[in-house]
There are 2 protein chains.
Amino acid sequence: MLLCIFTANACMDLPFDPDQCQPGLSVDCVIFGFHENDLKVLLLKLLQGNEWALPGGFVFLDENLDRAAIRVLHERTGLEKIFLQQFHAFGQVERSPVTHAARLVQEHSLHPGLQSWFEQRFITIGYYALVEYSQVEKPQPDYFSETCAWFPVRGLPHLMLDHQAIIERALQTVRFQLKYQPIGLNLLPEKFTMPELQALYETLLDQKLDRRNFQRKMLSYDVLIRTGEFRQGGAHKAPVLYAFDPVNYEQALRNGFRSVW
Amino acid sequence: MLLCIFTANACMDLPFDPDQCQPGLSVDCVIFGFHENDLKVLLLKLLQGNEWALPGGFVFLDENLDRAAIRVLHERTGLEKIFLQQFHAFGQVERSPVTHAARLVQEHSLHPGLQSWFEQRFITIGYYALVEYSQVEKPQPDYFSETCAWFPVRGLPHLMLDHQAIIERALQTVRFQLKYQPIGLNLLPEKFTMPELQALYETLLDQKLDRRNFQRKMLSYDVLIRTGEFRQGGAHKAPVLYAFDPVNYEQALRNGFRSVW
DNA sequence: GCAAAAGTGTTAACTGTACACCCATGT
DNA sequence: ACATGGGTGTACAGTTAACACTTTTGC
């Protein structure tokens, strides 16, 4: 069977060689972007079908798991060196129904030579990324999809398989992290204002925060550097521009903000 | 190749049928127990060899990932319905060197019919469990091992592959959780005293805590029930026995102790 | 009675919350 | 001038940390 796929690939120019991939394993990336006070997720529209899916991919046999996730992210967004975190392995049997591959082939969304590969039972490792929306100029669809676009997390289209649940879980993880670890690096431009950072927190938490207390608490975490510059051109008083202190940020990521005991 | 293993299994009575397992995937359980103010981990000693390993296993094709972890835990400890949490997927290429299986066969630790199965590149999903030491009467070795025993986390033997790193990561996760979520259910007997709970925290954190402040803070989390009974027979004043409130405990697990924002 | 372990209480320092006030900018 | 967004300050409430005192038990 494996040999058969390999032969198929040799003559049909498939996008990847299943024989070179870890069987039954995939990575899926929940790529969050922040734009116009709205949290967005990057999704792919499958060829021919009406379903959308998370950017994902397979893991080459000689490729580290994290590397595979970074590769997927890079192929879709062109970004490198961004914050990418594994958050959960999804391994329910029901998440990869055998009928799924046949349907995709029928709808001409999938090359028949890959049907058996897609009929495997898959476990997927979920990663989430926080990227700066404006830096992603042209999201690239992959071999299986026709469009790549941002969607607000509160207005997602119909998603393939359990991808809705994967996004939910990623959001939950991000919200939890928000309480105890710093967040915002890679999700905001290099220099940003305190109100912009606050807007990010308010969006993620879905909750209004007090401007003045937010500023004080944020500064007390000691992960921000006041650049001395200001955001000019706004309609009102020019706000101070901050940047993250990479060293302290990293440390806070590891240890958490508070030593409760 | 797969057919070959299947045939082998049919005539050689192997402990599992590789054809019925998710290829290249395993689960490993870091089972923590608490005894004599010491945090222990349950390990298996491989047949013939001098190496120890985490209790682990493979995932049947029709078995949920979590189920597989629960099964492994149950087979080793006899315990059911215990707190088991997935914490990380380990997917470095280097973690499963191809030479490993050959060496095991050479040392007669592994049946030659399984060599090719073990030569795959494996991704393992790490789970950690917190169990009550005394409830595990007789830890059971599996097909590949001769002994099953507890080791103090500060005195581990030489471990197979990257199992040392897996334990480290599990410990780190538990310590982080300790700050923000309740812990101790399943790790302590049903009824326990405040000093016992404190000893658990001190062991996990590797740090002395103030007895009086600990008690107050712990009670403020509202996850403890004062049973009204006392631990008799000690050399000194009989301490109050507490139990966890299952409902509040569950809730605190989900939401964390503090709403920081 | 004493030492050691356990329960309860007090106070001062710190942290968080809810505001008030002032400054800069475009209309 | 004034509406609006932004920076800084203050006072009160709540929480935490440090430490004292009392109770119980075995020797």
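We use all heavy atoms of the structure for the numbers below, so side chains are in, but hydrogens, waters and symmetry mates are not. It should be emphasised that the depicted structure is a prediction, and the values quoted were computed from it without experimental measurement. All chains are named by letter (A, B, ...) in the order of the sequence lines, taking the proteins before the strands, and each is independently numbered beginning at 1.
Atom NZ of A/Lys208 and atom P of C/dC19 are 17 Å apart (whole Å). The distance from atom NE2 of B/His236 to atom P of D/dT23 is 18 Å, rounded to the nearest whole Å. Here C/dG16 presents its P atom at 14 Å from CG of A/Leu209, a figure rounded to the nearest Å. One atom, NZ of B/Lys217, and another, P of C/dT8, lie 19 Å apart when rounded to the nearest Å. Between the CG atom of B/Leu241 and the C1' atom of C/dA6 there is a distance of 13 Å, rounded to whole Å. Distance B/Gln232 CD to D/dT24 P: 13 Å, rounded to the nearest Å. For the pair B/Phe214 CZ and C/dG7 C1', the computed distance is 15 Å after rounding to whole Å. The CG atom of B/Leu219 sits 15 Å away from the C1' atom of D/dT16 (whole-angstrom rounding).
Checking D/dA18, D/dT10, C/dA6 against every side-chain atom of A/Arg216, the shortest atom distance belongs to D/dT10. For B/Lys237, the listed nucleotide lying nearest its side chain is C/dA6; candidates were C/dA6, C/dC21, C/dT17. Here D/dA17 is the nucleotide among C/dT17, C/dT8, D/dA17 with the atom lying nearest to any side-chain atom of B/Asn213. When distances run from any side-chain atom of A/Ala235 to the nucleotides D/dG26, C/dG26, D/dT16, the shortest one goes to C/dG26. For A/Pro195, the listed nucleotide lying nearest its side chain is D/dG7; candidates were D/dG7, C/dG7, D/dC19.
Each of A/Arg211 and B/Met194 has a nearest nucleotide on DNA chain C; the 5'-most of these lies closest to B/Met194. With the nearest nucleotide of DNA chain D identified for both B/Asp210 and B/Ala238, B/Asp210 has the one nearer the 5' end.
Contact check, B/Gln215 against C/dA6: no side-chain N or O comes under 4.0 Å of OP1 or OP2.
For the pair A/Asn248 and A/Tyr221, the minimum side-chain heavy-atom distance is 4.5 Å or more.
Between atom CD1 of residue B/Ile70 and atom CG of residue B/Asn64 there is a gap of 9.0 Å, rounded to the nearest 0.5 Å.
Classified by interplanar angle (parallel below 30°, tilted 30° to 60°, perpendicular above 60°), the ring pair A/Tyr133/A/Trp150 is tilted. Taking the six-membered ring for Trp and thresholds of 30 and 60 degrees, A/Tyr128 and A/Phe87 have ring planes inclined between 30 and 60 degrees apart.
Not a single donor-acceptor pair, N or O on each side, falls under 3.5 Å between the base of D/dT25 and the side chain of B/Arg231. Evaluation of atom-type donor-acceptor distances gives no pair under 3.5 Å for the side chain of B/Arg212 against the base of C/dG7.
B/Gln177 contributes no side-chain N or O that, together with a main-chain N or O of B/Ile183, makes up a donor-acceptor pair within less than 3.5 Å.
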